[in-house]
Amino acid sequence: MPRPNAAHLALGSAAVVCSTIALLLLTGTTSGAGIALVVPVSLALGLATTLAAARGSAGRSADGQGAGGRGVRASAGPAFGPRAEPRGRAGAGTPGDRRP
């Protein structure tokens with residue numbers, strides 16, 4: 001099970017606050033028993049949101065290609081090494097550079 005980071009915890013906390021306010025406004029409850037029912041529901045929703053966000057981002061790496069080396073693109077040539085000199089026009093250069 002992936003461990004949630006700060007962003008996941010912030011998202012879950014925002015879900016708890018918003019769902020608590022929404023449920024209290026929608027139900028119109030002011031009694032202690034009603035509030036005692038709303039709070040655990042909101043906490044469960046926030047926990048589910050945090051875990052779902054952590055699970056959804058567990059397989060993604062920094063480049064967005066996935067974990068474990070999946071999605072690695074093959075390059076057209078070596079990443080390091082000598083560079084080929086650009087080819088110039090025929091006859092370009094100084095007269096002493098020409099080869100027979």
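Cluster annotation: V41 and L43 are assigned to the same hydrophobic cluster (Ile/Leu/Val/Met/Phe/Trp/Tyr, side-chain heavy-atom contacts under 4.5 Å, transitive). Residues L45 and L51 fall into different hydrophobic clusters, defined by Ile, Leu, Val, Met, Phe, Trp and Tyr side chains chained together at heavy-atom separations under 4.5 Å. In the hydrophobic clustering of this structure, L26 does not group with I35; members are Ile, Leu, Val, Met, Phe, Trp, Tyr whose side-chain heavy atoms approach within less than 4.5 Å, directly or through other members.
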Check against side chain to side chain contact (heavy atoms under 4.5 Å, CB included), T50 and L11: CA-CA 6 Å; T50 301; L11 182 64; 5.9 Å; no
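Closest approach of P40 and A36 over heavy atoms only: CD-O, 2.9 Å. Residues L23 and S42 approach most closely at CD1-OG, 3.7 Å, considering heavy atoms.
Tested against L24, the residues T30, T29, V39 include a single side chain to side chain contact (heavy atoms under 4.5 Å, CB included) partner, T29.
Here CG of L47 is found 11.0 Å from OG of S13. Values are rounded to the nearest 0.5 Å. In this structure, NE2 on H8 lies 11.5 Å from OG1 on T49, to the nearest 0.5 angstrom.
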